[in-house]
Amino acid sequence: QPISAHPYWGRLAQKKEPIHIKRKLSDQVPFPHNQELKEWACFPLFAEGRLIGKIGVDNIDSHEPITKSILQPIAIFANWAANLIEIVRLREEKQSRQRKLSFIQTTTQAISTKTTLEEVLTLVCKAAVELFDADHSGFVQFNNLHTMGTVVAEYPASTSLVGQVVEIEN
């Protein structure tokens with residue numbers, strides 16, 4: 001179910017600020033195993049205007065009230081955590097992009113050493129699998145009328161599609 005449909009997380013996403021909940025016995029709990037939970041607070045984690053998660057705190061063990069003096073430092077921590085998460089996400093995105101660019105460079109160099117069209121097309125299929133995290137790639141060469149095509153290369157070759165003819169519907 002989408003976040004917006006959840007009774008607490010939906011409010012969190014909509015209000016875009018921490019929420020403090022004092023549960024009545026008839027109220028739903030956020031997780032089924034927390035039936036004894038009477039009070040909790042949720043802090044949204046935003047990065048570049050996007051809701052990326054939440055941090056929740058509760059009093060399930062101590063049953064002590066959650067006060068503003070407790071909530072303020074947690075709000076600061078939540079902002080810090082959201083920024084840290086975004087920094088790590090951006091670093092991972094940059095590393096992924098660098099790996100893909102390096103792979104493209106290596107593939108381009110490898111293609112220049114291939115002597116047959118089959119070798120080049122198989123390497124192109126391998127590059128498609130690697131770059132797009134796919135399981136399989138096939139290269140279909142069309143006839144001059146574009147009415148049918150033949151699989152001339154694939155990666156990995158274990159599916160044995162090479163040589164199969166595919167009719168193209170109008």
Side-chain angles (χ1 to χ4, degrees), residues 1-19 28-34 40 42-57 74-170:
Q1 104 183 12
I3 290 174
S4 59
H6 192 278
Y8 303 118
W9 298 351
R11 275 181 34 206
L12 188 70
Q14 184 180 20
K15 287 179 72 175
K16 298 183 179 178
E17 59 186 39
I19 57 173
Q28 180 180 353
V29 291
F31 299 101
H33 67 280
N34 290 4
W40 66 93
C42 296
F43 299 81
L45 301 177
F46 284 96
E48 296 185 6
R50 295 180 342 270
L51 180 64
I52 61 169
K54 71 125 185 130
I55 293 179
V57 295
I74 297 170
I76 293 168
F77 174 77
N79 286 330
W80 173 81
N83 288 326
L84 185 61
I85 290 165
E86 183 64 6
I87 288 168
V88 171
R89 186 193 68 78
L90 290 171
R91 184 182 318 131
E92 287 176 349
E93 189 177 280
K94 180 182 177 186
Q95 290 170 344
S96 174
R97 210 171 29 253
Q98 287 173 330
R99 279 192 302 274
K100 287 180 179 184
L101 288 172
S102 176
F103 182 80
I104 289 170
Q105 182 180 16
T106 302
T107 302
T108 302
Q109 291 170 346
I111 285 174
S112 67
T113 66
K114 301 302 177 192
T115 56
T116 68
L117 183 59
E118 179 185 347
E119 289 176 320
V120 170
L121 296 178
T122 300
L123 198 52
V124 167
C125 290
K126 180 180 180 182
V129 167
E130 297 290 331
L131 288 172
F132 302 110
D133 295 322
D135 295 330
H136 179 264
S137 175
F139 189 95
V140 176
Q141 187 172 23
F142 301 122
N143 67 3
N144 291 338
L145 300 174
H146 297 110
T147 56
M148 64 179 55
T150 304
V151 178
V152 294
E154 68 175 325
Y155 183 86
S158 61
T159 57
S160 303
L161 293 176
V162 173
Q164 289 195 21
V165 176
V166 180
E167 290 195 35
I168 303 169
E169 297 180 17
N170 292 335

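Worth knowing before you read on, the calculation uses all heavy atoms, side chains too, and leaves out hydrogens, waters and symmetry mates.
Side-chain atoms of Thr106 come within 3.5 Å of backbone N or O of Ser102 as a donor-acceptor pair. No donor-acceptor pair closer than 3.5 Å links the side chain of Ser96 to the backbone N or O of Glu92. The backbone N or O of Val152 sits nowhere less than 3.5 Å from a side-chain atom of Gln141 that would complete a donor-acceptor pair.
The shortest non-hydrogen separation linking Ile74 to Phe43 is CG2-CE1, 3.3 Å. Scanning both residues, Pro18 and Pro44, for their nearest heavy atoms gives N-CD, 3.6 Å.
Atom CD1 in Ile85 sits 4.5 Å away from atom CD1 in Ile52 (nearest 0.5 Å). Within the model, atoms CZ of Arg97 and CD of Gln95 stand 10.5 Å from one another, a figure rounded to the nearest 0.5 Å. Put simply, CD on Glu17 and CZ on Phe46 are 9.5 Å apart, with the number rounded to the nearest 0.5 Å. Taken to the nearest 0.5 Å, the CD1 atom of Ile76 stands 8.0 Å off from the CG atom of Asn79. Distance check: Leu131 CG to Leu101 CG gives 9.0 Å after rounding to the nearest 0.5 Å.
Residue Phe103 places its CZ atom among more than 12 non-hydrogen atoms of other residues, nucleotides or ligands, all under 6.0 Å distant. The local environment of CD in Glu167 is sparse, with at most 12 non-hydrogen atoms from other residues, nucleotides or ligands closer than 6.0 Å.
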Please test Glu86 against Arg89 for salt bridge (charged side-chain N to carboxylate O under 4.0 Å, His left out), starting from the C-alpha separation and ending with a verdict.
CA-CA 5 Å; Glu86 183 64 6; Arg89 186 193 68 78; 2.6 Å; yes

Check step by step if side chain to side chain contact (heavy atoms under 4.5 Å, CB included) holds for Ile168 and Thr147.
CA-CA 5 Å; Ile168 303 169; Thr147 56; 5.7 Å; no

For residues 112-130, run the donor-acceptor check on the side chains, cut-off 3.5 Å, and write out each pair with its distance to 0.1 Å, sequence neighbours left out.
from, atom 1, to, atom 2, distance (Å)
Ser112, OG, Gln109, O, 2.6
Thr113, OG1, Ala110, O, 2.6
Thr115, OG1, Glu119, OE1, 3.3
Thr116, OG1, Glu119, N, 3.1
Thr116, OG1, Glu119, OE1, 3.4
Glu119, OE1, Thr115, N, 3.0
Glu119, OE1, Thr116, N, 3.1
Thr122, OG1, Glu118, O, 2.8

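For the pair Glu154/Ser137, no side-chain contact is recorded, criterion being any heavy-atom separation below 4.5 Å from C-beta on.
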